[in-house]
Amino acid sequence: MDWGALHTILGGVNKHSTSIGKIWLTVLFIFRIMILVVAAERVWGDEQDDFVCNTLQPGCRNVCYDHFFPISHIRLWALQLIFVSTPALLVAMHVAYRRHEKKRQFRKGDQKCEYKDIEEIRKQRFRIEGSLWWTYTGSIFFRLIFEAVFMYAFYFMYDGFRMPRLMKCSAWPCPNTVDCFVSRPTEKTVFTIFMIAVSSICILLNVAELCYLLTKFFLRRSKKAGNSKQQPNHENKEETKQNEMNELISDSCQNTVIGFSS
Amino acid sequence: MSWAFLRDLLSGVNKYSTGIGRVWVAVVFMFRLLVYVAAAENIWKHEHDEFQCNIKQPGCKNVCFDHFFPVSHIRLWALQLIMVSTPSLLVVFHVAYRENREKQHDQKLYRNPGNIDGGLLGTYLISLILKTGLEIVFLVLFYKLYNGFKIPYLVKCNVKPCPNTVDCYISKPTEKMIFLYFLVATSCLCIILNLSELSYLIFKYSIKCYLKRHMKKQQ
């Protein structure tokens with residue numbers, strides 16, 4: 001069980017995401033999780049062993065380390081990545097639920113069902129419409145909130161994003177004020193800034209995706225409103241419906257299927 | 001043999017679960033297993049080396065560490081994860097038994113061997129009760145062993161061979177406490193999910209039973 005399992009779970013969600021969502025997922029895996037596992041963990045690996053204090057007093061080093069690092073950067077990033085990935089699970093669950101319903105329809109032998117076999121249902125890609133739109137938008141919203149909360153927590157806990165070389169500690173049992181030296185401060189600062197930069201990029205991507213989804217939603221709504229205003233005639237209603245259906249069928253490619261009609 | 005085995009096991013169980021059961025599996029994966037492997041394990045990695053006592057007496061540090069940490073938090077956490085996931089195996093075994101029976105008799109005995117009805121419902125309910133019980137047992141164990149969910153930064157030790165009372169300092173107590181609270185919170189969430197699933201199933205099937213009886217009476 002490791003980040004690979006997360007990759008498998010989220011990879012499934014990738015199929016039903018927008019293009020911006022796919023970019024976000026790529027950035028998440030390559031520039032955050034991979035960097036965390038391959039590089040950052042090594043940099044912080046010896047953080048307590050090489051945290052040296054200028055005193056022989058036993059216990060002083062432990063206490064000072066605990067005072068300046070209530071929760072290590074690396075653990076905070078790991079938690080941030082886990083929390084930020086979790087909303088995508090909501091989308092995965094919703095898609096799985098829809099698939100389950102379609103499979104049930106198919107098994108009942110419903111004539112309305114458009115599929116030829118169960119494999120088609122398994123492979124199909126759902127469009128982001130109807131209730132799936134709400135789940136997807138909600139998941140992006142939560143992602144944004146989690147990213148922002150963790151960035152703020154980081155800034156608040158460590159007074160900015162720089163790792164100082166020297167910390168002055170006067171917690172008991174250290175006698176007087178003691179100089180404590182952090183290991184690899186420059187390398188840690190570089191990685192901290194890198195991770196913060198990529199977090200900001202992810203926030204921007206999420207905001208862009210949210211705007212895109214909202215714009216699409218309002219455009220679709222105004223189109224529908226416009227269409228209904230132009231044809232108030234009751235006799236033409238069936239024709240309009242047929243036209244819409246034909247449009248929708250011709251729009252969607254082989255592998256996409258229209259979701260639940262609202 | 002590693003956590004991947006548990007992951008595969010839980011994925012298998014997912015097939016026969018209700019909706020709430022699937023949410024429970026997702027919570028166990030993301031917030032317990034993944035956090036354990038990706039973050040928590042490393043915090044407790046060098047806990048013995050980093051445990052420092054203000055004394056040069058040989059053996060005193062070892063004895064004090066053993067006195068204050070009979071079983072390490074991280075090992076209890078791992079045991080809890082394993083024990084809590086295991087009752088789901090009962091459901092898998094029961095379904096396998098049903099499928100085996102169908103094969104032996106060479107006829108369709110059940111509408112769908114994976115459907116939660118009849119005997120399988122009983123097994124499912126028992127697995128839920130066991131899961132909840134084990135979660136509570138481990139939470140109580142944590143509480144009793146460590147006097148609440150606090151981790152002090154200093155413990156005073158006067159076990160032989162330490163002469164007099166000796167100050168011993170625990171490493172990373174704040175970080176350990178944060179993750180301990182996280183563990184407790186996720187355990188409580190899982191208990192709530194199990195209890196809601198239990199009530200949902202009992203409610204659903206009592207209504208079903210009642211309606212069946214009602215229809216029979218009408219006929």
> Counting only heavy atoms not in Met157(A), do more than 12 sit closer than 6.0 Å to its CE atom?
Replying inline: yes
>> Need one label for Ile43(B): side chain, backbone, both or neither, based on atoms under 4.5 Å from any heavy atom in chain A.
In response: both
> Of the backbone (N, CA, C, O) and the side chain (C-beta and beyond), which part of Leu79(A) lies under 4.5 Å from a heavy atom of chain B, both, or neither?
Replying inline: side chain
>> Can you tell me which portion of Tyr36(B) sits under 4.5 Å from chain A's heavy atoms? Options are side chain, backbone, both or neither.
In response: neither
> Which value, rounded to the nearest 0.5 Å, describes the distance between Thr174(B) atom OG1 and His67(A) atom NE2?
Replying inline: 9.0 Å
> Does the Gln52(B) side chain pair with the main chain of Gly59(A), one donor and one acceptor, at a distance under 3.5 Å?
Replying inline: yes
>> Is it true that, when you exclude Lys22(A) itself, more than 12 heavy atoms of the residues, nucleotides or ligands shown sit nearer than 6.0 Å to its NZ?
In response: yes
> Below 4.5 Å, heavy atoms only, C-beta onward: do Phe29(B) and Leu6(A) meet side chain to side chain?
Replying inline: no
> Below 4.5 Å, heavy atoms only, C-beta onward: do Pro173(A) and Tyr169(B) meet side chain to side chain?
Replying inline: yes
>> Need one label for Cys53(B): side chain, backbone, both or neither, based on atoms under 4.5 Å from any heavy atom in chain A.
In response: backbone
>> Could you measure the distance from the CD1 atom of Ile170(B) to the CG atom of Asp66(A)? Nearest 0.5 Å is fine.
In response: 10.0 Å
> Any side-chain heavy atom of Val35(B) within less than 4.5 Å of one from Phe83(A)?
Replying inline: no
> What part of Asp8(B) is in contact with chain A, defined as an atom under 4.5 angstrom from a non-hydrogen atom: side chain, backbone, both or neither?
Replying inline: neither
> Which atom names give the shortest non-hydrogen contact between Ala26(B) and Met93(A), and what distance separates them?
Replying inline: CB-CE, 3.7 Å
> Do you know which of Ala78(A), Pro70(A), Ala92(A) has the most heavy-atom pairs under 4.5 Å to chain B?
Replying inline: Pro70(A)
> Got more than 12 heavy atoms from elsewhere within 6.0 Å of NE2, His48(B)?
Replying inline: yes
> What is the minimum heavy-atom distance between Asn54(B) and Gln57(A), and which atoms define it?
Replying inline: ND2-NE2, 3.4 Å
> Does the side chain to side chain contact (heavy atoms under 4.5 Å, CB included) test come out yes or no for Leu34(B) and Trp3(A), once each step is laid out?
Replying inline: CA-CA 8 Å; Leu34(B) 192 55; Trp3(A) 296 109; 4.3 Å; yes
>> Using only non-hydrogen atoms and a strict under-4.5 angstrom cutoff, which residues of residues 134-143 of chain A touch chain B?
In response: none
>> Tell me if the CG atom of Leu56(A) is crowded by more than 12 foreign heavy atoms within 6.0 Å.
In response: no
> Mind checking whether Gln48(A) and Lys172(B) have side chains closer than 4.5 Å, heavy atoms only?
Replying inline: yes
> Who passes salt bridge (Lys or Arg N to Asp or Glu O under 4.0 Å) against Glu175(B), sequence neighbours left out?
Replying inline: Arg75(A)
> Taking only residues two or more places apart in sequence, or in another chain, which ones meet Trp44(A) in a ring pair (Phe, Tyr, Trp, His ring centres under 6.0 Å)?
Replying inline: His73(A), Trp77(A)
> Given a strict heavy-atom distance threshold of 4.5 Å, which part of Leu89(A) is in contact with chain B: side chain, backbone, both, or neither?
Replying inline: side chain
> Would Ser171(B) and Asn62(A) count as having a side-chain donor-acceptor pair, cut-off 3.5 Å?
Replying inline: no
> Can you pull the disulfide (SG to SG under 2.5 Å) pairs that have at least one residue in residues 63-109 of chain A, sequence neighbours excluded?
Replying inline: Cys64(A)-Cys169(A)
> Is the number of heavy atoms from other residues, nucleotides or ligands under 6.0 Å of Phe181(A) CZ greater than 12?
Replying inline: yes
> Has Phe31(A) got more than 12 heavy atoms of other residues, nucleotides or ligands less than 6.0 Å from its CZ?
Replying inline: no
> So with a 6.0 Å cut-off around OH of Tyr200(B), is the heavy-atom count from everything else above 12?
Replying inline: no
>> Just so I know, are the side chains of Leu154(B) and Trp172(A) near enough to count as touching, which here means a heavy-atom distance under 4.5 Å?
In response: yes
